[in-house]
Protein chains: 4
Amino acid sequence: MTAAPTVPLAGVVPPVCTPLTPDLRVDVRSLERLVDHLVGAGVDGLFVLGSTGEAAFLPDGHRRTVLETVVKHVAGEVPVLGGAIDMTTLRVIEHARVAADVGCDAVVATAPFYARTHPAEVEAHLRRVAEAVQVPLYAYDLPVSVHSKLDSGTLLRLAAEGVLAGVKDSSGDDGGLRALTVALRDAGTSGFSVLTGAELTVDAAFAMGVDGVVPGLGNVDPSGYVRLYRHCRDGRWAEARAEQERLLRLFGIVEAGAPGRMGRGSSALGAFKAALHLLGVIDRPVTAPPQVPLDAAETERVRAGLAAAGLL
Amino acid sequence: MTAAPTVPLAGVVPPVCTPLTPDLRVDVRSLERLVDHLVGAGVDGLFVLGSTGEAAFLPDGHRRTVLETVVKHVAGEVPVLGGAIDMTTLRVIEHARVAADVGCDAVVATAPFYARTHPAEVEAHLRRVAEAVQVPLYAYDLPVSVHSKLDSGTLLRLAAEGVLAGVKDSSGDDGGLRALTVALRDAGTSGFSVLTGAELTVDAAFAMGVDGVVPGLGNVDPSGYVRLYRHCRDGRWAEARAEQERLLRLFGIVEAGAPGRMGRGSSALGAFKAALHLLGVIDRPVTAPPQVPLDAAETERVRAGLAAAGLL
Amino acid sequence: MTAAPTVPLAGVVPPVCTPLTPDLRVDVRSLERLVDHLVGAGVDGLFVLGSTGEAAFLPDGHRRTVLETVVKHVAGEVPVLGGAIDMTTLRVIEHARVAADVGCDAVVATAPFYARTHPAEVEAHLRRVAEAVQVPLYAYDLPVSVHSKLDSGTLLRLAAEGVLAGVKDSSGDDGGLRALTVALRDAGTSGFSVLTGAELTVDAAFAMGVDGVVPGLGNVDPSGYVRLYRHCRDGRWAEARAEQERLLRLFGIVEAGAPGRMGRGSSALGAFKAALHLLGVIDRPVTAPPQVPLDAAETERVRAGLAAAGLL
Amino acid sequence: MTAAPTVPLAGVVPPVCTPLTPDLRVDVRSLERLVDHLVGAGVDGLFVLGSTGEAAFLPDGHRRTVLETVVKHVAGEVPVLGGAIDMTTLRVIEHARVAADVGCDAVVATAPFYARTHPAEVEAHLRRVAEAVQVPLYAYDLPVSVHSKLDSGTLLRLAAEGVLAGVKDSSGDDGGLRALTVALRDAGTSGFSVLTGAELTVDAAFAMGVDGVVPGLGNVDPSGYVRLYRHCRDGRWAEARAEQERLLRLFGIVEAGAPGRMGRGSSALGAFKAALHLLGVIDRPVTAPPQVPLDAAETERVRAGLAAAGLL
């Protein structure tokens with residue numbers, strides 16, 4: 001570990017996109033430039049191999065390359081969290097060990113998926129993963145992908161016991177997120193980091209007491225999210241709101257892909273990569289199969305969104 | 001390939017359980033005895049690394065051991081289908097290539113999961129996987145795990161083009177399954193194998209024109225399913241019904257686990273393994289984490305079910 | 001009550017469509033002709049104000065007109081079941097009392113919907129409705145509409161106690177349906193009628209031991225379903241299969257409406273009514289708002305389907 | 001109409017509970033006291049016959065009594081919105097006309113439910129309901145009950161055309177809610193009222209630009225929500241947050257009912273009524289069947305919650 005994570009981790013922690021070459025290898029140079037783009041903007045950490053990082057689409061070899069590239073290139077300047085996205089415990093532990101071995105400062109795991117599960121099994125899963133690695137574990141609450149929601153009782157228990165170092169909440173349940181932050185405070189649990197993946201209500205989340213944000217759109221406009229965070233941290237709520245609303249309009253690029261042609265995931269990840277390509281950060285907007293690539297007209301919508309947000 | 005699959009594959013093709021040791025390795029001896037138990041009962045093929053085989057719970061090393069063990073032990077007596085269960089295309093292709101290299105007669109893949117998907121992406125996914133391996137590809141329709149249903153138009157198109165060799169339908173949609181079999185016949189598509197995973201309505205499925213069945217309970221009572229299939233094949237519908245009803249009652253063991261303690265997956269897989277252990281086929285009823293093991297009282301329910309079905 | 005229901009009710013019990021006038025009143029003449037069309041074909045009962053009867057779309061005045069018209073016109077020739085489709089207990093009881101007062105032989109109620117519910121509440125609901133009316137109560141299992149599935153334990157208990165006279169199963173879960181029929185037999189429960197709404201697997205359902213079928217398509221081709229039932233009843237399984245497959249192909253008319261223009265409900269109900277109009281049974285193919293009517297090209301698809309099935 | 005709604009309606013608009021007698025009639029005296037409790041606390045409007053008002057559980061006669069009682073008792077002091085909760089267009093129109101005739105200032109309708117629907121049908125539904133009544137129409141976005149989410153494009157279109165006067169958003173999608181408020185502003189649409197039902201993030205919602213809140217818990221502590229709103233309106237965000245957190249802790253009473261005994265609806269509505277009973281506002285904590293009543297221990301949890309919040 002070259003850098004201990006802030007305790008608790010706070011601020012802007014983008015889920016780093018994974019640039020690919022036309023023959024579907026990791027584009028290491030582009031990935032390094034993307035890391036520079038993010039760290040240079042002042043982000044507080046990086047989350048690699050999350051959903052935005054196309055972890056679900058990358059073979060293990062690709063995943064290792066991503067982890068090694070980012071950890072080495074960051075060189076301890078900010079903490080690096082590595083996603084260990086897989087179906088169940090033994091598989092997740094293998095990914096988590098690779099991430100820890102490669103030098104990640106923490107690992108991130110979801111509830112089991114594909115297999116039918118149960119709250120008692122989710123808790124046993126997180127406990128086993130935490131025991132298996134020497135670095136802190138963050139739970140990743142992502143019902144849209146794993147089709148179950150992390151139970152707040154489980155989270156509070158695992159936080160109090162120190163099994164979990166934090167949670168990345170992408171459940172979209174802002175009321176539940178707030179109840180969690182209040183319950184953690186009421187329980188006197190410290191050192192547990194609550195990160196939200198809700199990138200359109202970041203000012204609200206910081207006002208409620210969350211510690212950080214993991215914005216997919218932060219790949220495209222990291223400076224915007226850094227400004228937004230700092231406005232919130234320093235109590236400049238009107239400026240925060242204006243910045244958040246600008247980013248909300250920019251977020252419209254995720255609708256670039258025509259609904260009849262592709263799923264919403266292809267559209268959103270395609271738009272982020274198209275934007276990074278248009279901004280000159282990565283060499284190609286290639287997404288992994290079976291995602292449908294954006295066509296010229298769809299890419300033009302991304303360009304228009306960037307221009308409207310003042311990024312071109 | 002030591003044995004070409006029947007064209008189309010037909011009959012009873014159990015999804016083979018994966019016996020584990022207490023330290024969570026593949027129990028190779030028990031797996032070989034289970035294969036003998038199944039092949040000796042007269043099954044028509046084996047499907048390894050399906051959901052019942054705990055594919056979602058097994059690291060890649062375990063998976064390879066399972067494939068190698070079964071292919072070698074079967075030695076061409078019946079075709080072996082290898083599951084290539086993973087989230088998206090590139091990952092599935094890696095598993096599929098291992099299965100083919102090890103000597104499986106066919107591979108089996110689901111729609112993408114975890115990532116949000118779309119019918120066009122599902123179709124692209126299956127086409128790419130089929131292109132990447134030299135053995136036939138079966139589609140695995142399992143909405144309870146992957147949270148989308150294979151589109152019948154897609155299946156018909158891929159069947160007609162020869163991209164798919166068959167489908168294992170575990171969607172539970174018997175009307176849709178029948179519409180598929182009729183549409184295949186009306187289109188004159190031949191050599192495409194329709195297998196149902198609905199193990200309580202096997203006689204009905206054969207009466208409708210499906211080719212085979214993939215019954216999880218077939219691990220426990222392969223002879224029952226073989227008798228059931230042969231009754232259907234030979235038009236002894238009353239005998240088929242009586243056998244199916246006996247198996248339906250035996251299937252009650254999947255409810256052995258107390259609902260408050262575990263999920264339905266833990267209960268069902270735990271019951272199959274407990275039954276195989278009580279029958280002396282495998283050495284331990286261990287299931288992979290984070291599944292909750294059956295306790296003594298729950299195991300007793302399995303024993304009672306076996307006894308009632310005349311298996312003890 | 002002019003006619004006691006068969007104990008248990010068996011055979012073909014179509015869910016009667018509700019013809020409407022252009023100004024959205026009940027078209028009484030057309031409804032009487034539809035009743036003649038069905039009863040004349042030899043059906044064994046009529047289910048009015050079910051989903052196919054657009055109960056969800058009809059104000060209470062319309063519903064009363066439908067009940068009165070059908071009960072009077074049938075004049076005891078076959079039993080009439082009246083749907084009491086509403087959200088929760090007190091509202092359902094009001095509808096059930098109207099149906100009983102008007103002379104229906106039985107009433108039909110779903111689990112509560114709109115309000116979040118629980119198995120204990122579903123059971124309390126059915127018990128209260130049954131107590132409130134003097135005619136037999138059938139439970140209607142329709143998860144696609146009410147978003148919960150009737151629990152088999154609840155059904156078995158209410159069947160054994162005589163609270164329910166039967167169930168109409170439109171859950172699409174044929175394995176569960178079979179488990180129910182076997183469990184009823186094993187428990188020695190008699191006089192309980194199991195009706196399936198799965199109109200593409202009717203032969204299979206009768207082979208499993210269900211008592212009757214409630215086919216929406218039976219509005220269009222009641223003679224086909226009557227033949228199918230009689231083949232099954234008399235053990236002519238090959239003839240049954242051929243008839244069922246003809247009806248399955250005819251069922252393709254429910255896809256007449258273009259997916260981009262309307263929901264699947266508009267398409268299916270629109271197709272049934274278009275078919276009845278093309279067959280000269282009802283005066284207009286009007287469906288209730290906010291359903292989207294079929295256009296000329298879509299209606300042409302219905303005509304082609306009728307022709308292919310030998311009905312035109 | 002004795003009082004025109006504020007344009008746009010803003011502030012605190014509680015969804016009024018419906019007190020019942022032990023024999024399940026509307027308890028008119030208790031309802032009047034509840035109205036006094038709310039209006040006396042300074043709320044800005046009342047929403048009767050919403051989900052919290054048990055509209056789904058009340059027969060039409062009860063509903064009319066509620067509307068008449070509240071409209072008469074309020075006597076124009078604040079606007080009254082009447083829920084027209086039913087499955088589809090013609091049924092909703094009947095309820096909406098009653099509400100308008102009785103003197104409600106506006107009516108509130110959801111998307112169609114029970115019947116399968118489609119965005120084009122939802123839009124047609126809202127247009128027809130709006131045309132059928134002379135008072136403003138609010139759309140009620142409640143996916144947990146109706147199982148579809150109102151499409152933002154539809155809302156923006158109907159807002160721009162003046163078909164809708166506002167929306168009550170209980171979707172829990174705060175990002176979508178914010179995108180709607182920004183899109184309305186960007187489109188220059190005025191006089192459209194955005195109300196949130198998310199009662200744990202009210203300060204955040206006002207900070208984002210919503211106009212009002214419809215808090216179920218506002219029945220229990222209307223003064224708390226009025227203070228919260230006024231803090232937000234006047235920019236006292238720290239005070240707003242403290243008040244919201246107090247209310248969030250109080251909201252814990254909705255978990256009073258044991259999960260194994262009842263659904264979450266029974267628990268929440270039971271807790272609100274138990275609280276109102278303990279506070280002396282209503283005579284009985286009776287909820288409508290088939291809801292399970294809270295028992296003594298569960299009621300004690302409600303009492304403890306009230307005490308902790310300083311209300312007893």
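Any value given below was found using the heavy atoms of this structure, including those in side chains, with hydrogens, waters and symmetry copies removed. Naming convention: chains lettered A, B, ... in sequence-line order (proteins, then strands); numbering from 1 in each chain.
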ask   = Going by heavy atoms in the side chains, are D:V122 and D:P112 under 4.5 Å from each other?
value = yes

remark   = Closest heavy-atom pair, A:P15 versus A:T52, reported as atoms and distance to 0.1 Å, is O-CG2, 3.5 Å

task = Please report the shortest heavy-atom distance between D:L294 and D:S266, naming the atom on each side.
result = CD2-O, 4.5 Å

key: Pairwise distance CD(D:Q244) to CG(D:L250) - rounded to 0.5 angstrom   = 11.0 Å

ask   = Can you find a pair of side-chain heavy atoms, one from A:K273 and one from A:E54, that are under 4.5 Å apart?
value = yes

inquiry  = Given 3.5 Å as the limit, does a donor-acceptor pair link the side chain of A:H125 with the main chain of A:T110, or not?
reply    = yes

task = Return yes if some donor-acceptor pair links the side-chain N/O of D:S193 with the main-chain N/O of D:G166 below 3.5 Å, else return no.
result = no

query = What residues of residues 302-312 of chain A sit under 4.5 Å from chain D when only non-hydrogen atoms are counted?
reply = none

query = Judged by modelled atom types alone, do D:Y140 and D:S145 share a side-chain donor-acceptor pair under 3.5 Å?
reply = no

Backbone N/O of D:C17 and side chain of D:N219: donor-acceptor pair under 3.5 Å = yes

request  = Pull out the residues in residues 199-218 of chain D that come under 4.5 Å of chain A, heavy atom to heavy atom, sorted by number.
outcome  = D:L200, D:T201, D:D203, D:A204, D:A207, D:M208, D:G209

remark   = Within residues 175-189 of chain A, contacts to chain D at heavy-atom distances under 4.5 Å involve A:G175, A:R178, A:A179, A:V182, A:R185, A:D186

message = Out of the candidates A:D173, A:D174, A:D169, only one should pair with A:S171 under the side-chain hydrogen bond (donor to acceptor under 3.5 Å, both in side chains) rule; please name it.
response = A:D169

task = Would you check if the side chain of A:D44 reaches a backbone N or O of A:V12 as a donor-acceptor pair within less than 3.5 Å?
result = yes

inquiry  = Restricting to non-hydrogen atoms, name the atom on D:L164 and the atom on D:L155 that form the minimum distance, rounded to 0.1 Å.
reply    = CD1-CD2, 3.8 Å

query = Is a side-chain donor or acceptor of D:T154 paired with a backbone partner of D:E123 at a separation under 3.5 angstrom?
reply = no

key: Heavy-atom contacts under 4.5 Å, residues 220-242 of chain A to chain D   = A:R241

query = Do D:R261 and D:D295 pass the side chain to side chain contact (heavy atoms under 4.5 Å, CB included) test, and can you show the C-alpha distance, the side-chain angles, and the key distance before you say yes or no?
reply = CA-CA 10 Å; D:R261 287 205 331 120; D:D295 64 21; 3.9 Å; yes

message = Under a 3.5 Å distance rule, please check whether A:D141 uses its side chain to pair with a backbone N or O of A:K149 as donor and acceptor.
response = no

query = Side chain of A:S267, backbone of A:G257: donor and acceptor closer than 3.5 Å?
reply = yes

